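Letters go in sequence order (proteins before strands), and every chain restarts at 1. All values derive from a computational prediction rather than experimental measurement.
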2 protein chains.
Amino acid sequence: MDGALETLRTRGIASVSARTIAAAAGVNQALVFYHFGSVDELLSAACTHGARQRVAAYAERLATVSSLSELLQVGLELHEQERADGNVIVLAQLLAGAQSEPKLAPAAADALALWIAEIETVLRRVLADSPLAAVLDVPGLARSICAAFIGFELYDGVDGDGAARAVSAIAQLGSLIELVEDLGPAARRLLRAKLRRSGFERGDGPSGRP
Amino acid sequence: MDGALETLRTRGIASVSARTIAAAAGVNQALVFYHFGSVDELLSAACTHGARQRVAAYAERLATVSSLSELLQVGLELHEQERADGNVIVLAQLLAGAQSEPKLAPAAADALALWIAEIETVLRRVLADSPLAAVLDVPGLARSICAAFIGFELYDGVDGDGAARAVSAIAQLGSLIELVEDLGPAARRLLRAKLRRSGFERGDGPSGRP
DNA sequence: GTCTATAGCTGGATAGAC
DNA sequence: GTCTATCCAGCTATAGAC
């Protein structure tokens, strides 16, 4: 599985094969089929395994987060770490492969779900005593953050400078959201009205639960 | 080139080959090498061509946009249209391939640059008489939007429901930003101070130009 | 469990007929 | 410009030795 992740990371979904993976792992190609049945199943298992490891590794760090800007800071750290061990890019490669290979889709969705659940937990805690908690769709935001992260890592692969600029712009946006958090109840009512007028007020989520 | 885009869209970067592309185009496989030299060069040319076409097709629509929520609306339309003709997913596949095949990187970066330039123009116009124009990094935001869009489309391929929820959460965020736009100069000063305190104030960009 | 060997296929790329 | 024919490398998957 480590060989599979390494191959996905360094050679991409297009170059992944039983042979390239076996070479990375220093074993024979036939073992892929003996242990996993097919290359797709190995990729699925490896990706789930890798995501579990990485999410667990970040869970401790994320548990200390108590504000949006801190969460943003962890995101920047994760982005930095990606240059070294590239776990998000592995997920991106699996997602790319899953678009046209349905066998890979469940594993990709599951791996993403692990990250989403973690982000959702943090987000809910961070927004707990914020006026935004009642008005924002936290599960939707968690999904957005994870999806966007994938896009940023792919962009970083072809234009590092551009991606760096994109990341810092998002950091600014985060600060902006914190500013809104600190506004009084009048502005908060204005926000709710505006959201409702735009038709974006969600029908499900924490406040709508019976 | 149309055959290349179609193959990239329906079969993904992992299944793209001179043979599969030629079959999609209804021609012989050898023509790929006669006209483009290699599969990678064909993919690069096709992707640039496709991006030019799509950006041009949306330029007219984007020129009518005069607010953030309208821009958001166009984004939602584009996202819907992707289900039918899937141009962004082609870009995502090329980005995935470019991570480990440097020959594809320039084409992927160029295609993205076309979208970024378009979004940047709209963003600058939309924010022209907003207090946010002076404080936000517009080029960085344009890059963020494009990168995030890529991630959303990939996510949509493995979890349509989750992606839909992510998209509507972002729509909420857009409304939130508009709210901030409508705040008075006091809140604006507060925002600037907050950004500066966080160390996120950009050193380059429109306001810093001599 | 791990290896070699092999079948049968698909891949990039070229030569050469038309 | 487009085709057929071809080379050889690499692919998945299996059979069978150890």
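Side-chain contact, E70(A) with S66(A): a donor N or O sits under 3.5 Å from an acceptor N or O. Looking at Q81(B) and Y58(B), their side chains do bring a donor and an acceptor atom within 3.5 Å of each other. In summary, the side chains of E118(B) and T121(B) do not present any donor paired with an acceptor at a separation below 3.5 Å, with no hydrogens or angles considered.
Listed by first and then second residue, the salt bridge (Lys or Arg N to Asp or Glu O under 4.0 Å) pairs that reach into residues 98-110 of chain B come to none, sequence neighbours excluded.
Partners of T48(B) according to the side-chain hydrogen bond (donor to acceptor under 3.5 Å, both in side chains) rule, which considers only residues two or more places apart in sequence or in another chain, do not exist here. E153(B) is linked by a side-chain hydrogen bond (donor to acceptor under 3.5 Å, both in side chains) to H79(B), counting only residues two or more places apart in sequence or in another chain. D2(B) meets the salt bridge (charged side-chain N to carboxylate O under 4.0 Å, His left out) test with no other residue; sequence neighbours excluded.
Taking 4.5 Å as the limit, some side-chain heavy atom of L112(A) sits within range of a side-chain heavy atom of L95(A).
Looking at residues 4-28 of chain B, you'll see V27(B), N28(B) sit with a heavy atom under 4.0 Å from some atom of DNA chain D. Within residues 31-43 of chain B, the residues that place at least one heavy atom under 4.0 Å from DNA chain D are, in residue-number order, L31(B), Y34(B), H35(B).
Remark: P of dT14(C) and CD of Q29(B) are 11 Å apart, rounded to the nearest angstrom.
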